[in-house]
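Heads up, the thing below is written out as structure tokens.
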Amino acid sequence: MKTQKTFRMPDAGAIKIYDIEGKETSLTPNDELWGQNGCYVVNPMSFTKLGKQGKAISESSTWKDGLRTVLDNNTGLVWEVKSPKKGDANYFQDTYNWKKAKSAYIKELNQKKYGGFSDWRLPNKDELRSIIDYSKTGPCVDTDYFPNCKSDFYWTSVPYKMQEPFIWGIFFGLGSGICYTPLSERYVRAVRGGYNKNFGKPDTARFKDNKDGTITDFLTGLMWQKAENDRMDWYSALKNCKEMKLAGYSDWRLPNLKELNTILNLNYDDNWWYYKEFFPADGLQPPLLHYFSSTPYEGIYAWVTNFCFGYDGYYANKKAPLLHRAVRNLQEVQQKTSVLFTFPDSGQKKCYNEEGGIIKTPKQNERYYGQDGSYRNHPLSFTKLGHGEEILNDKADWNKGLRMVKDNNTGLVWETKSPDENDYNFQGHAYKWEDAEHFVEELNQKAYGGFRDWRLPNREELRMIVDYNGAIPAVDQKYFGDCLPAFYWSKDPQMQDPLFAWGVYFAYGCAICYLKTFYYPVKAVRGGYNVNFGDINKYCLQDNNDGTVSDLNSGLMWKKEESPDLNWEEALKYCQELNLGGHSDWRLPSIREIGSLMDLSFKDGTWFHKEFPETKTKPLGFYWAATTYGDTFGWGVNFQFGFDGYYAGKKLGHYAFRPVRTI
């Protein structure tokens with residue numbers, strides 16, 4: 001049965017959500033900043049790689065494997081893939097003036113039946129913009145599907161009617177629509193096909209005035225607010241659209257940049273960039289006719305379109321008082337719900353007695369119940385990923401495309417090291433702490449794995465992949481076979497002594513620090529379900545005024561007051577019998593959990609948070625964990641020095657501890 005090929009207006013990309021400071025965050029529909037581009041998924045960008053005669057080929061295919069064209073599954077447009085070979089008709093470095101681009105170049109492609117077709121053409125402005133991914137820059141496309149794309153200007157077929165003979169194009173460094181003289185030597189990307197031949201053409205037949213203050217665009221599937229709004233900042237515009245009740249609808253939102261530009265009248269009829277019949281602009285005075293989109297630029301700005309000159313090559317301060325026009329989808333829109341961060345278990349599965357003997361998992365009210373191996377909250381869980389976060393099977397290795405590993409609990413995506421000593425991210429390379437940032441910069445310059453948002457992990461993020469099951473190195477080798485039993489740098493300096501920086505020693509899994517001038521390996525990270533987790537400037541502890549303190553970043557609740565010093569077994573029993581704050585599911589924390597309670601900012605001259613003022617630092621500052629180290633010793637942390645690489649002799653000593661529960 002033949003599949004119906006329906007045009008869908010593609011989203012602006014995998015856009016992140018930002019707070020008022022321009023930092024990545026997560027939101028719910030009740031938040032003030034809800035409504036920005038990253039909150040909605042309508043038609044996610046989607047492409048298919050094609051080979052000879054337009055036949056679909058493997059998503060891992062490159063030019064050498066026969067990749068020649070790419071199908072946009074939303075629009076039906078088929079795009080030329082540029083050749084890396086000098087001398088080829090479509091060599092990616094070749095430039096053309098506009099006349100040669102639309103005639104000689106296109107003619108040669110068609111004569112040679114590039115990709116098996118002879119109906120190639122120069123794209124119009126909206127067509128060329130449709131492949132832009134505004135979550136990326138330099139270039140702002142998915143380079144897995146559009147390799148060899150230049151961060152430069154590409155011609156469209158559309159003249160700039162306000163100032164002829166200038167011609168419209170798209171700057172692929174940022175994604176802006178601007179124009180140049182036709183004599184300029186610029187780049188070209190040809191197109192063919194399409195599910196709707198009118199896409200990008202100035203055709204008023206696609207609009208309908210519903211006589212209720214709304215305009216329907218049947219081509220894009222969007223309904224627009226007809227009237228203007230008062231000038232306001234971006235945050236107020238988001239709120240205004242979210243609270244708008246118009247024509248019986250309450251799902252209005254601020255349009256993304258791709259959507260906003262579909263209502264520019266590129267014919268410039270009557271010296272007007274609006275479709276005046278449908279979008280009157282009474283009382284508006286040029287030149288400041290900038291309209292906000294919901295699409296952010298680098299977190300701190302918002303993309304805008306100028307309806308005075310037709311440009312969208314602008315990004316504006318979110319606090320600027322600009323115009324906006326609300327939009328909604330004719331079809332139901334999927335709101336992008338944030339995946340919840342879950343604090344991962346330690347990985348320990350065995351249970352022990354106080355002498356280190358392995359025992360059967362104890363049941364509740366039995367001796368040793370409540371130790372790390374006796375409960376499962378959020379078991380360690382990982383997914384292997386290839387280029388562009390393609391999901392791979394668990395048997396995949398470097399030779400089969402493994403480039404990243406996702407922690408399904410935290411959402412953090414970890415770089416997989418190369419086994420080839422000639423590669424820039426060879427697993428054996430080591431760096432001084434200051435040079436570690438340069439390595440991450442190189443990862444981003446090369447768009448490792450298809451991404452440019454790699455960073456050094458903070459100490460807590462790095463601790464999240466430690467597997468405390470007793471193996472060396474202390475990771476799941478199935479997913480992190482590239483990890484050495486060595487110290488790895490984190491981004492966090494040791495705030496008490498600036499000569500040192502924190503990291504994790506993966507031979508055992510302890511978090512310690514070393515001189516910044518020493519050479520150690522680095523494992524880069526990106527993403528994460530909670531961008532505040534582990535950030536020494538973003539601790540979020542809440543005193544519940546009932547003897548408990550909640551850590552809103554980790555999802556853990558702690559007993560506020562101190563408990564009596566007890567041995568390991570007694571501490572386990574104390575936690576099991578504790579009833580506090582209306583909760584009776586207290587337990588002794590795992591080593592990963594108790595380690596997360598360190599205040600690495602050292603802002604008050606202590607390694608503990610002020611919400612726990614009675615924390616014991618003398619004589620040892622040692623606090624029990626429920627985790628066993630080396631089949632014998634009890635893991636713990638030291639609030640006198642900030643380390644979690646401590647273990648106490650045979651669990652018989654009497655030490656402090658802090659009960660915990662999962663919120």
Side-chain angles (χ1 to χ4, degrees), residues 5-13 42-43 45-47 69-80 98 101-102 106 119-134 140-141 146 153-162 166-172 175-180 186-208 215-222 224 255-269 272-275 278-279 291 293 295 303 305-307 309-313 327 329-330:
K5 297 177 179 179
T6 304
F7 174 92
R8 298 183 299 269
M9 184 69 196
D11 289 351
V42 185
N43 299 309
M45 298 185 73
S46 173
F47 302 101
T69 60
V70 170
L71 168 68
D72 184 331
N73 300 315
N74 283 305
T75 64
L77 295 168
V78 177
W79 294 92
E80 160 205 12
W98 186 62
K102 69 172 183 162
I106 296 296
D119 57 348
W120 294 99
R121 55 186 170 79
L122 211 56
N124 65 46
K125 188 183 176 195
D126 281 343
E127 287 177 329
L128 189 56
R129 183 198 310 284
S130 67
I131 62 172
I132 294 290
D133 186 335
Y134 288 97
C140 50
V141 290
F146 299 97
F153 181 90
Y154 281 70
W155 290 119
T156 76
S157 62
V158 184
Y160 180 60
K161 296 291 187 68
M162 188 178 191
F166 280 67
I167 306 298
W168 282 113
I170 302 291
F171 176 60
F172 273 75
S176 49
I178 51 179
C179 61
Y180 273 101
R186 299 291 172 177
Y187 295 95
V188 182
R189 187 178 298 277
V191 73
R192 56 174 298 275
Y195 296 149
N196 191 319
K197 301 297 183 183
N198 291 322
F199 176 54
K201 296 180 179 179
D203 179 15
T204 58
R206 68 193 232 218
F207 294 115
K208 177 188 177 183
I215 303 294
T216 296
D217 183 345
F218 292 105
L219 190 155
T220 60
L222 298 172
W224 293 88
N256 68 44
L257 189 60
K258 286 184 182 178
E259 294 169 332
L260 182 57
N261 280 281
T262 63
I263 61 171
L264 268 175
N265 181 1
L266 298 184
N267 271 348
Y268 194 54
D269 295 325
W272 200 257
W273 289 103
Y274 299 83
Y275 290 99
F278 300 100
F279 303 105
Y291 282 70
S293 78
T295 308
W303 278 103
T305 294
N306 187 332
F307 277 76
F309 299 108
Y311 282 172
D312 63 35
V327 73
N329 289 81
L330 298 180

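The structure displayed is predicted, hence computed values, not measured ones. Just the heavy atoms: all of them, side chains too, but no hydrogens, waters or symmetry mates, feed the values below.
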TODO: Evaluate the side-chain proximity of Glu80 to Val191: yes if any heavy-atom separation is below 4.5 Å, no if none is.
DONE: no
Open item on the list: Using every non-hydrogen atom in the two residues, find where Cys140 and Gly175 come nearest and quote the distance to one decimal.
Closed with: SG-N, 3.3 Å
Open item on the list: Is there a side-chain contact between Ser293 and Pro255 in this structure, where contact means two heavy atoms from C-beta onward sitting under 4.5 Å apart?
Closed with: no
Open item on the list: Between Asn256 (side chain only) and Glu259 (backbone N and O only), is there a donor and an acceptor less than 3.5 Å apart?
Closed with: yes
- [ ] Taking Lys258 for its side chain and Ile132 for its backbone only, find out whether a donor-acceptor pair lies under 3.5 Å.
- [x] yes
Task: Residue from Asp72, Asn73, Asp11 passing side chain to side chain donor-acceptor pair (under 3.5 Å) with Ser46 - done: Asn73
- [ ] Would you indicate whether the side-chain heavy atoms of Tyr275 and Arg206 approach each other to under 4.5 Å?
- [x] yes
Open item on the list: Consider ring-ring contact (aromatic ring centres under 6.0 Å, His included). Of Trp155, Tyr180, Trp273, Phe309, which one does Tyr160 pass it with?
Closed with: Trp273
- [ ] Return the minimal non-hydrogen interatomic distance between Thr220 and Met9, and the atom names on each side.
- [x] O-CB, 3.9 Å
TODO: Verify, without hydrogens or angle tests, whether Asn267 (side chain) and Asp269 (backbone) share a donor-acceptor contact under 3.5 angstrom.
DONE: no
Open item on the list: Is it the case that the side chain of Thr216 and the backbone of Phe218 share a donor-acceptor pair, with hydrogens and angles ignored and the cut-off at 3.5 Å?
Closed with: no
Open item on the list: Any donor-acceptor pair under 3.5 Å linking the side-chain atoms of Asn261 with those of Asp312?
Closed with: yes
- [ ] Take Tyr311 and Trp168 through the ring pair (Phe, Tyr, Trp, His ring centres under 6.0 Å) test and state the conclusion after the steps.
- [x] CA-CA 9 Å; Tyr311 282 172; Trp168 282 113; 5.7 Å; yes
Task: Verdict with supporting geometry, Tyr274 and Phe279, ring pair (Phe, Tyr, Trp, His ring centres under 6.0 Å) - done: CA-CA 6 Å; Tyr274 299 83; Phe279 303 105; 8.1 Å; no
TODO: Sequence neighbours left out, what passes side-chain hydrogen bond (donor to acceptor under 3.5 Å, both in side chains) with Thr69? Give chain and number order.
DONE: none
Task: Partner set under ring pair (Phe, Tyr, Trp, His ring centres under 6.0 Å) for Phe7, not counting sequence neighbours - done: Phe199
Open item on the list: Parallel, tilted or perpendicular: which one describes the rings of Phe207 and Phe278, with boundaries at 30° and 60°?
Closed with: tilted
- [ ] Would you check if the distance from the ring center of Tyr187 to the ring center of Tyr154 is below 6.0 Å?
- [x] yes
TODO: Identify whether the distance between the nearest side-chain nitrogen and carboxylate oxygen of Arg121 and Glu127 falls below 4.0 Å.
DONE: yes
Open item on the list: Determine whether a donor-acceptor pair (N or O, by modelled atom type, separation under 3.5 Å) exists between the side chain of Thr295 and the backbone of Trp303.
Closed with: no
TODO: Indicate yes or no for a side-chain donor-acceptor contact from Arg8 to the backbone of Thr75 under 3.5 Å, with no hydrogens or angles considered.
DONE: no
- [ ] Determine whether Tyr195 and Thr6 make a side-chain contact, defined as any pair of heavy atoms from C-beta on separated by less than 4.5 Å.
- [x] no
- [ ] Could you tell me whether the side chain of Trp224 and the main chain of Leu260 form a donor-acceptor pair under 3.5 Å?
- [x] no
- [ ] Assert yes or no for the condition that the ring centre distance of Phe47 to Phe146 is strictly below 6.0 Å.
- [x] yes
